[in-house]
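Just so we're on the same page: letters track the sequence lines, and every chain starts at 1. Here the structure is a predicted model, which means the values were calculated and not measured. Excluded from the calculations below are hydrogen atoms, water molecules and symmetry mates; all remaining heavy atoms, backbone and side chain alike, are included.
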Number of protein chains: 2
Amino acid sequence: MTLKARIMNTMVKPTLPSTERSLPIALIRAREGIMNPIREMLLKTGITEQQWRVLRALAEYGRMDTKTLAQRSSLLFPSTTRISTTLRQKGFVTQTRDDQDRRRQFVEITIEGQKIIDEHTPHAVQIVSDFKIKLGEENYETLLDLLAMLDPGAID
Amino acid sequence: MTLKARIMNTMVKPTLPSTERSLPIALIRAREGIMNPIREMLLKTGITEQQWRVLRALAEYGRMDTKTLAQRSSLLFPSTTRISTTLRQKGFVTQTRDDQDRRRQFVEITIEGQKIIDEHTPHAVQIVSDFKIKLGEENYETLLDLLAMLDPGAID
DNA sequence: TAACAACTATTATCATGTTAAGTATAATTT
DNA sequence: AAATTATACTTAACATGATAATAGTTGTTA
């Protein structure tokens with residue numbers, strides 16, 4: 001697109017913000033920045049970022065059904081099913097049917113799964129801490145608050 | 001995990017923030033909130049969110065090579081290759097080799113591709129505008145600035 | 001100029017995102 | 001109780017994310 005055409009567009013039509021100032025893209029890039037060191041850490045564990053999220057949720061809240069697990073891990077339901085299966089094969093979780101409601105599937109972290117969390121939590125804490133320092137404590141909290149306002153699951 | 005075990009953990013070991021206060025997860029959830037209406041809009045176009053990003057970059061900056069396109073679209077290189085192929089098959093872009101450097105592949109938006117952008121930009125502008133209202137103009141700009149601080153590609 | 005390294009792009013592989021369809025069980029209605 | 005509806009989960013299909021391996025081209029150096 002020529003410069004002239006771009007200027008014309010700006011004058012006569014509603015235009016999107018430049019991709020440099022686009023909120024969805026800013027979210028993607030920020031996530032990249034955060035996840036790079038975390039992914040680096042996870043390389044040694046042999047599990048993925050999403051599998052780490054599932055194990056963390058299970059470690060924090062204990063045994064739960066797949067639906068709840070999906071919500072707590074911010075994963076889609078089908079992804080959660082697949083990841084649970086993978087983690088079971090790796091020996092990091094167990095799956096059991098609910099006898100009261102046989103549709104329900106409970107997932108629970110194993111000793112081995114908990115070990116993964118325990119062994120890497122200090123490093124993960126360090127990574128989070130580095131970002132707090134980079135942004136400043138106040139900015140960090142502000143950012144979390146602003147992001148929460150966009151969360152579709154949040155109780156407005 | 002029992003309550004007692006959780007309390008013990010908190011006392012003796014470094015702990016991660018609750019998933020409720022985790023920055024990576026907050027970024028995912030915020031993105032979900034933003035992308036829901038955008039994906040809804042894109043349903044009518046038959047293209048995906050990533051394909052939309054590629055077309056937008058091409059519309060804004062004009063013809064460019066795949067590497068630059070990947071950066072401008074915030075996509076991985078291999079993803080960009082695949083998406084360019086898909087978009088070419090749909091008739092929304094053209095691909096040409098650079099005669100000066102035959103490694104390089106140029107991608108350019110077609111009239112049909114530009115039409116997709118033009119037809120849906122007003123709706124996209126409306127969606128962005130809604131979020132600005134929801135957050136407030138000042139918060140919106142603050143959020144973009146804070147996110148930019150996490151962007152690994154940003155010039156600190 | 002031949003060997004080597006660097007660069008651009010493509011392809012491969014596995015995991016996940018996303019939507020839709022399907023299955024089994026439970027709850028509700030008639 | 002049979003039919004219907006709703007729920008929890010699973011599977012399928014296609015696109016993308018992420019990493020690694022490969023191919024073709026250009027640049028550099030011995």
(message) Is the phosphate of D/dC9 approached by A/Gln95 (side-chain N or O, under 4.0 Å from OP1 or OP2)?
(response) no

(message) Please determine whether a side-chain nitrogen or oxygen atom of B/Ser79 lies at a distance below 4.0 Å from atom OP1 or OP2 of D/dG17.
(response) yes

(request) Validate the cation-pi geometry between A/Arg72 and A/Tyr61: distance from NZ or CZ to the six-membered ring centre under 6.0 Å, angle to the ring axis within 45°. (result) yes

(request) Can you tell me the distance, in whole Å, between the CG atom of A/Asp101 and the P atom of D/dA8? (result) 7 Å

(request) Choose from C/dT8, D/dA8, D/dG17 the nucleotide whose nearest atom is closest to any side-chain atom of B/Leu75. (result) D/dG17

(message) Below the 4.0 Å mark, does D/dT16 have OP1 or OP2 next to a side-chain nitrogen or oxygen of B/Gln51?
(response) yes

(request) Return the set of residues passing salt bridge (charged side-chain N to carboxylate O under 4.0 Å, His left out) with A/Arg88 (not counting sequence neighbours), or none when no residue passes. (result) none

(request) Return the nearest nucleotide to the side chain of B/Ile83; candidates are C/dT8, D/dT16, D/dC9. (result) D/dT16

(message) Check the phosphate of D/dT11 against A/Thr81, side-chain N and O only, distance under 4.0 Å to OP1 or OP2. Yes or no?
(response) no

(message) Taking A/Val125's backbone N and O only, do any of them form a donor-acceptor pair with A/Ser129's side chain (distance below 3.5 Å, no angle check)?
(response) no

(request) Using only heavy-atom distances, decide whether a donor-acceptor pair under 3.5 angstrom links the side-chain of A/Arg103 to the base of D/dC9. (result) no

(message) If the cut-off is 4.0 Å, is B/Thr80 near the phosphate of C/dA9, judged by side-chain N/O to OP1 or OP2?
(response) no

(request) Just jot down the salt bridge (charged side-chain N to carboxylate O under 4.0 Å, His left out) partners of B/Asp130, sequence neighbours excluded, or say none. (result) none

(request) Could you check whether B/Glu49 gets within reach of a base, just the sugar-phosphate, or nothing at all, counting any heavy atom under 4.0 Å? (result) nothing

(message) If you only use heavy atoms from C-beta on, which nucleotide in C/dG17, D/dG17, C/dA12 is closest to the side chain of B/Pro78?
(response) C/dA12

(message) Counting the atoms with a prime plus P, OP1 and OP2 as sugar-phosphate, which does A/Arg82 contact under 4.0 Å by heavy atoms, base, sugar-phosphate, or nothing?
(response) base

(request) Run the salt-bridge test on A/Arg53 and A/Glu49 with the 4.0 Å N-O cut-off and return the result as yes or no. (result) yes

(request) Could you tell me whether the phosphate oxygens of D/dC9, OP1 or OP2, come under 4.0 Å of any side-chain nitrogen or oxygen in A/Arg102? (result) no

(message) Whether B/Thr66 contacts C/dT8 is assessed here as follows: a side-chain N or O lying under 4.0 Å from the phosphate OP1 or OP2. Is that the case?
(response) no

